[in-house]
Structures are given as structure tokens and as C-alpha cells.
Amino acid sequence: MPIIAISGPPSSGKTALANKLAPALGYENFYMGAIFRELAAKAGLSLEEYYQKLSDNPELEKSVDQKQ
């Protein structure tokens with residue numbers, strides 16, 4: 001089955017769209033926002049600070065990619 005990725009900034013409606021689209025297509029929905037929020041909280045950072053840290057650290061970004 002193909003994978004559909006929906007991306008955009010936080011609070012832009014990605015989850016609302018995915019929650020409607022996935023069942024309509026018979027797909028399973030994976031909510032990656034929760035993973036990013038969890039990782040940011042564990043690092044003691046805001047979501048925006050965590051995204052900045054990701055952009056500055058390729059190894060950290062790779063570890064997040066593997067978790068996804």
C-alpha cells in the first residue's frame with residue numbers, strides 16, 4: 001500500500017485532514033506530531049526549539065527519522 005505523508009507547520013490542520021482522509025481511503029493513520037512533542041518534552045524544549053535543534057543537528061534528525 002502506498003504511503004501518503006501530510007506535512008506542514010504545527011497547528012495547520014494536518015491531523016484533521018489525515019483523520020478524514022485515512023478512513024476514506026482505507027489507510028491507517030500515524031500521528032507523528034505526538035512523537036515530536038514527546039521528544040521535545042524529553043529534551044526540555046518547546047516544539048519550535050526542538051525543530052531548530054533538528055535543523056542544526058543531522059544526527060538527531062536521522063534518529064527521529066528512524067523512530068518514524
Side-chain angles (χ1 to χ4, degrees):
M1 180 177 288
I3 295 172
I4 298 172
I6 301 170
S7 64
S11 301
S12 63
K14 299 177 300 293
T15 301
L17 174 62
N19 286 339
K20 292 179 182 180
L21 186 62
L25 297 175
Y27 278 40
E28 188 173 355
N29 183 9
F30 294 97
Y31 177 49
M32 300 314 300
I35 290 176
F36 280 104
R37 285 175 176 81
E38 176 187 326
L39 293 170
K42 284 182 181 178
L45 301 170
S46 71
L47 190 57
E48 292 78 14
E49 291 168 329
Y50 192 74
Y51 282 138
Q52 182 61 48
K53 190 173 179 177
L54 280 174
S55 69
D56 296 338
N57 186 336
E59 289 303 313
L60 178 61
E61 186 175 6
K62 286 180 189 177
S63 72
V64 172
D65 289 344
Q66 289 173 343
K67 187 172 181 97
Q68 290 180 18

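Pairing each heavy atom of Ser46 with each of Ala40, the nearest pair is O-CB, 3.9 Å. Shortest non-hydrogen contact noted between Ala18 and Pro23 is O-CD, 4.0 Å.
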May I have the list of side-chain donor-acceptor pairs in residues 2-14 shorter than 3.5 Å, sequence neighbours left out?
from  : atom 1 : to   : atom 2 : distance (Å)
Ser12 : OG     : Pro9 : O      : 2.8
Lys14 : NZ     : Gly8 : O      : 3.2
Lys14 : NZ     : Pro9 : O      : 2.7

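Listed by first and then second residue, the side chain to side chain donor-acceptor pair (under 3.5 Å) pairs that reach into residues 20-36 are Asn19-Asn29, Tyr31-Arg37, sequence neighbours excluded. Residue pairs meeting the salt bridge (Lys or Arg N to Asp or Glu O under 4.0 Å) criterion with at least one partner in residues 45-55, sequence neighbours excluded, are absent.
Residues passing the salt bridge (charged side-chain N to carboxylate O under 4.0 Å, His left out) test with Lys62, sequence neighbours excluded: Glu59. Scanning for side-chain contact (heavy atoms from CB on, under 4.5 Å) contacts around Ala41 gives an empty result, with sequence neighbours left out. In terms of the side chain to side chain donor-acceptor pair (under 3.5 Å) criterion, residue partners of Glu38 (sequence neighbours excluded) are, by chain and number, Lys42.
Of the inter-residue distances, the one linking Met32 atom CE with Thr15 atom OG1 reads 11.0 Å to the nearest 0.5 angstrom. Here the straight-line distance linking atom CG of Leu54 with atom CG of Leu39 works out to 8.0 Å at 0.5 Å rounding.
Between Phe36 and Tyr50, the angle of the ring planes goes over 60°, which puts this pair in the perpendicular group of the 30/60° scheme.
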